Amino acid sequence: MAEPYDAQAIEKKWQQRWQEEGTYEVDNDDPRPPFYVLCMYPYPSGPAHMGHVRNYTFGDLIVRHKTMHGHGVLSPIGFDSFGLPAENAAIKTGVHPRKFTDERIAELTKSLKGIGAAYDWRRQVNSHDPEYMRFTQTIFLKFREAGLAYRANAPVNWCPGCHTVLANEQVLANGTCERSGDVVQKKDLEQWFFKITDYAQELLDDLDQLDWPDRVKTMQRNWIGRSEGAEFEMRIQGSDDPEHKIKVFTTRPDTSFGMTYAVLAPEHPLALQITTKDQYVEVERFIAQARLTSDIDRMSSEGALDKRGVFTGAYAVNPFTDEPVPVYLADYVLMTYGTGAIMAVPGQDQRDWDFAKAYDLPIVRTVQPPPDWPADGEAYTGDGPAINSRWLDGLEVAEAKAKAIEWLEAEAIGVRKVNYRLRDWLLSRQRFWGCPIPIVYCPTHGAVPVPESQLPVLAPDDVEFRPTGESPLKFHEGFRNTTCPICGGPAERETDTMDTFVDSSWYFLRFCDPDNKLEPFGHDAVERWMPVDQYIGGIEHAILHLMYARFFMKALGDVGLAPKHLREPFKRLFTQGMIRMGGTKMSKSKGNLVAPSKYLDTTGADALRLFHLFVGPPADDVDWNDQTDEVIEGCARFLKRVWRLAHEPPPAQDAYEIDRAAHRLIARVSDDYERWSYNTAVAALMEFTNLLYKEGATPFAVDTLLLLLAPMTPHIAAEVWEQRHDGAHVHAQPWPVADPAMLKVESTTMIVQVNGKVRDRLEVPPTISADEAERLALASAKVQEQLAGATPKKVIARPPKLVNLVL
RNA sequence: GCCCGGGUGGCGAAAUUGGCAAACGCGGGGCACUUAAAAUGCCCUGUCCCGAAAGGGACCUGCGGGUUCGAACCCCGCCCUGGGCACCA
């Protein structure tokens, strides 16, 4: 009787071994071909939960698999360690965020090691490491120098709950804060921005070359929101002030003849200037009201339209018709998109239609709707010939657009124009636990960068965390008061810190060169490893993190910090499914987290990893339910079967056939690994194990099983391999290759159908000819019975798979 | 409203892309081992019908059409569901 499989002892032993022997440490001069595998570095929230297990199981599997394929695999890990929870905990308990964070990192580190994930821990990078902060600040200053970081007074999203400014991306569609759920208000503040909009087109174009899920690429495309159209000016009737010109953007210049009014955003600088005396009071009141209205109300399309607009009394002249049209203000026109002013064509735009109805404005159709279109139905946005449009009449939409733009440009009234929905990235945060923005404000010299020799700017430790919601940095005199780097006079430090998405926008570059004291990373190191060959993370980062990191890669190249040709950070992206429980996402805030420790202490890490691989396609969500524990048990049961098989193999009845089956397994499982079909790979391994139990095992068959399992369940594979091979490491073995000669088959099952229904199965040689296949099919007794003497009208022969006889 | 996914046994799923639907596992049933239980091993397990049985037959991939010798897979129209965007002119 062999020793029983003791998962805990084996897993502990091998985790120590990998750590002590530095099995997955890789140097920058490693002779093997490089491969960079990266899981999104986690926010350290404490011990790992199932989402982590799932994520890091896939990552670790690829690291080990690629290593067995002969690559020198870079597999780094670190922690996204700045952020609100640590600061909120500090306010609550008085514990310094650093202490709090370091403790959470220790917990998460322990559980990552507990699932057997292998990393080059020497390369660990945390966002709050002073050395990392130094270079985050260096990058900020370089961007500023290049004009990619700028300061602007802007209406910002202010969350009254978090007492901080939010990026557009952090405001939900309903106008609430994604973190606290409070209704977001508007507030004017001087803020720092990154000029991501400079890269809108490149960010859009380069998506095409990425091996990313289509879903993610689509989301990014929508977020960038490119629209093509024209921009043109209209003069105000009766005004000779050259400033009084309304510039509008439209994607439908072909419909210009149908403009029956124009609309400005309430914040539009011309709004009050063009307003007539008798409308002044009403317009002023409207503007004030719009300013007070929260985005949630303003964005709601529910509100009564007649309260959402006001007539200015002014008329703009439509350059296409030379006719005056009334100018309105309406809160559905946004100052932050396009020119903040639109031409309204109710015939071809539903919002304009609704507004026209509410304000009793004329409607002129400029595209012929289809015959079945209700006469006074609604706006028609489809294709069709232009009508009521003089020299555009009869042209289809695309032609009419082109001609309208040509005319605008020829007449010097307007230009072809592309607009993007993407806005600049607001990175200032009124928070303590983040990377300080290295700027000093001098009464004489304005915003002055902190000299590089004085970096990193670190927050002082002797601060008081108060629930006022304002950063303690603001009240720390010693930090705030400083001297101007230019004149030496008294000056104040910037007390805002950077959005934590800044930290996560370049950590993957630092991993290539984590000990560099002189610069964020060396070009050689980055050239060697970048771009990341396989990036793995959650779908929730589809827009923000992935867009910001892409922007950083491009911008870093353009300011000379990274090789310029390296435009994209992540060649391949995989987004794994979420863990759900009762239909909702597992999360700390919902309190439905399942801790892996319970399984690590019973069935073991290998069984838990195997479960995550086996439960379904990696990209699909996993529903954690009543049956899950039993499935994990089943995975543990399989590993026990493998263990027993290796220690007490039943003698093979036909060793050659078993070895042939092993070669087929190699081919099948290798293919499954390549196409991320781990659930079917596990199924194949289970099937093979069942076969060995039934028909006996050969040493080659058992070794094959262990090699193919090694990336999935590394501990048991390593242990059994060591026992069988005199202390050798399974993960140092080359990935097995199937011998084509052993894959050849003498016979294959051919199905015979009559009228598309299976009537017989015949064993035939794989090289069978169509004629022979047909002959055999017709000779089948079962087929004869079905035919009942009739002759098939048609025979479809697809040797050696199928013959279909059609009556 | 617009844009993406997805819908297959009691359950998780498979079918490598138009050719044997349900591999593998969970659950359920049975047998063996055992004084017994657990553990382990083996067998059965989509639905309905005929048959005492061995067997045999029909129907099955959300619904309705279509293309095809042949459809889970392709096309059209619905229904349900998950996600993203949502006054972006």
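All figures in this text were calculated on a predicted structure; none of them were measured in a lab.
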ask   = Nearest to the side chain of A/T218 - B/rC3, B/rC85, B/rA14?
value = B/rC3
request  = Could you state the atom-to-atom distance from CG of A/D349 to C1' of B/rC2 in whole Å?
outcome  = 14 Å
task = Output yes when A/K782 and A/E785 qualify as a salt bridge under the 4.0 Å nitrogen-oxygen rule, no when they do not.
result = no
request  = Round to the nearest Å and state the distance from A/R221 atom CZ to B/rC4 atom P.
outcome  = 11 Å
Test of ring centre spacing under 6.0 Å for A/Y261 and A/F355 = yes
inquiry  = Rounded to whole Å, please give me the gap between NZ in A/K401 and C1' in B/rA89.
reply    = 12 Å
ask   = Under 3.5 Å, is there a donor-acceptor pair linking the side chains of A/T336 and A/R423?
value = yes
query = Taking atom P in both B/rA38 and B/rA32, what distance in whole Å separates the two?
reply = 14 Å
ask   = Is it the case that A/R252 and A/Q348 place a side-chain donor and acceptor less than 3.5 Å from each other?
value = no
query = When you compare B/rC44 with B/rA36, how far apart are their C1' atoms, in angstrom units rounded to a whole number?
reply = 25 Å
ask   = What string of B, S and - do you get for nucleotides 20-34 of chain B 5' to 3' if you count protein non-hydrogen atoms under 4.0 Å?
value = B--BBSBS-------
ask   = When all nucleic acid strands are considered with a 4.0 Å heavy-atom cut-off, which category describes A/R226: base, sugar-phosphate, or nothing?
value = nothing
key: Residues in side chain to side chain contact (heavy atoms under 4.5 Å, CB included) contact with A/P649, at least two apart in sequence or another chain   = A/A697
task = Apply ring pair (Phe, Tyr, Trp, His ring centres under 6.0 Å) to A/Y199 and list each qualifying residue two or more places apart in sequence or on a separate chain.
result = A/F551
ask   = Which whole number of Å gives the distance between the P atom of B/rG19 and that of B/rC75?
value = 15 Å
key: Spacing between A/I579 atom CD1 and B/rG12 atom C1', to the nearest angstrom   = 13 Å
ask   = Of the candidate nucleotides B/rC69, B/rC3, B/rA58, which contains the atom at the shortest distance from the side chain of A/N222?
value = B/rC3
Kindly give the atom pairs (protein nitrogen or oxygen, nucleotide nitrogen or oxygen) under 3.5 Å for nucleotides 5-7 of chain B.
none

ask   = Base, sugar-phosphate, or nothing: which does A/R641 touch, judged by heavy atoms less than 4.0 Å apart?
value = sugar-phosphate
task = Please determine, for the side chain of A/R675, which listed nucleotide (B/rA89, B/rG12, B/rA15) has the closest atom?
result = B/rA15
inquiry  = If I pick the C1' atom on B/rG12 and the same atom on B/rG65, what distance separates them, to the nearest angstrom?
reply    = 32 Å
message = I want to verify the glycosidic state of B/rG9; is it syn or anti under the 90° rule?
response = syn
inquiry  = Side chains of A/D424 and A/T197: any donor to acceptor distance under 3.5 Å?
reply    = yes
ask   = If you look at every strand shown and take non-hydrogen atoms under 4.0 Å, does A/K694 touch a base, only sugar-phosphate, or nothing?
value = sugar-phosphate
message = For A/Y380, give me all partners under ring pair (Phe, Tyr, Trp, His ring centres under 6.0 Å), at least two apart in sequence or on another chain.
response = A/W373
ask   = In whole Å, what separates the C1' atom of B/rC60 from that of B/rG46?
value = 8 Å
query = Using the C1' atom in both, what is the distance from B/rG9 to B/rA22, to the nearest Å?
reply = 7 Å
query = Does A/K757 or A/M343 map to a spot on RNA chain B nearer the 5' end, using the closest nucleotide for each?
reply = A/K757
message = Would B/rU35 be called syn or anti here, given the cut-off of 90° from 0?
response = anti
task = Specify the separation, in whole Å, of atom CG of A/L422 and atom P of B/rC85.
result = 14 Å
ask   = So does A/R644 get a side-chain nitrogen or oxygen closer than 4.0 Å to the phosphate oxygens (OP1/OP2) of B/rG41?
value = yes
message = According to side chain to side chain contact (heavy atoms under 4.5 Å, CB included), who are the partners of A/V415, at least two apart in sequence or on a separate chain?
response = A/E231, A/E409
query = Where the side chain of A/Y693 is defined as all heavy atoms beyond and including C-beta, which of B/rC42, B/rC69, B/rU16 is the nearest nucleotide?
reply = B/rC42
inquiry  = Going by the rule side chain to side chain contact (heavy atoms under 4.5 Å, CB included), which residues pair with A/H663 if we only count those two or more places apart in sequence or in a different chain?
reply    = A/I666, A/F700, A/A738, A/D739, A/M742, A/L743
remark   = Read 5' to 3' with Watson-Crick or G-U pairs under 3.5 Å, [ ] for crossing pairs and | for partners on another strand, RNA chain B gives (((((((..(((......[....)))((((((.......))))))(((((....)))))..(((((..]....))))))))))))....
Set of salt bridge (charged side-chain N to carboxylate O under 4.0 Å, His left out) partners for A/K245, sequence neighbours left out = none
Any donor-acceptor N or O pair under 3.5 Å, side chains A/N690, A/R641 = yes
query = Tell me: OH of A/Y673 to P of B/rU16, nearest whole Å?
reply = 21 Å
query = If you measure from the P atom in B/rC85 to the same atom in B/rG66, how many Å do you get, rounded?
reply = 40 Å
ask   = Between B/rG84, B/rC69, B/rG83, which nucleotide has the shortest distance from any of its atoms to the side chain of A/R580?
value = B/rG83
message = Taking only the P atom of each, what is the distance from B/rC2 to B/rG57 in whole angstrom?
response = 49 Å
key: Distance, rounded to the nearest Å, where A/E648 contributes CD and B/rU40 contributes C1'   = 12 Å
message = Can you tell me which nucleotide in B/rG41, B/rC85, B/rC69 comes closest to the side chain of A/R798?
response = B/rC69
ask   = Between B/rG19 and A/K801, is there an OP1 or OP2 to side-chain N/O distance shorter than 4.0 Å?
value = no
query = A/Y337 side chain N/O closer than 4.0 Å to the phosphate oxygens (OP1, OP2) of B/rA89?
reply = yes
base_contact_polar (B/rC69 base, A/N804 side chain, donor-acceptor, <3.5 Å) = yes
Spacing between A/M219 atom CE and B/rC85 atom P, to the nearest angstrom = 6 Å
ask   = Do any pairs count as a salt bridge (charged side-chain N to carboxylate O under 4.0 Å, His left out) and have a residue in residues 629-638 of chain A, sequence neighbours left out, and if so which ones?
value = A/K598-A/D629
Any A/S677 side-chain N or O less than 4.0 Å from OP1/OP2 of B/rU16 = no
Residues in side chain to side chain contact (heavy atoms under 4.5 Å, CB included) contact with A/D211, at least two apart in sequence or another chain = A/R572
query = Which nucleotide sits closest to the side chain of A/V615: B/rC69, B/rA89, B/rG12?
reply = B/rG12
key: Residue whose closest nucleotide on RNA chain B lies nearer the 5' end, A/I796 versus A/G225   = A/I796
Counterpart residues, ring pair (Phe, Tyr, Trp, His ring centres under 6.0 Å), relative to A/Y678 (two or more places apart) = A/Y673, A/W676
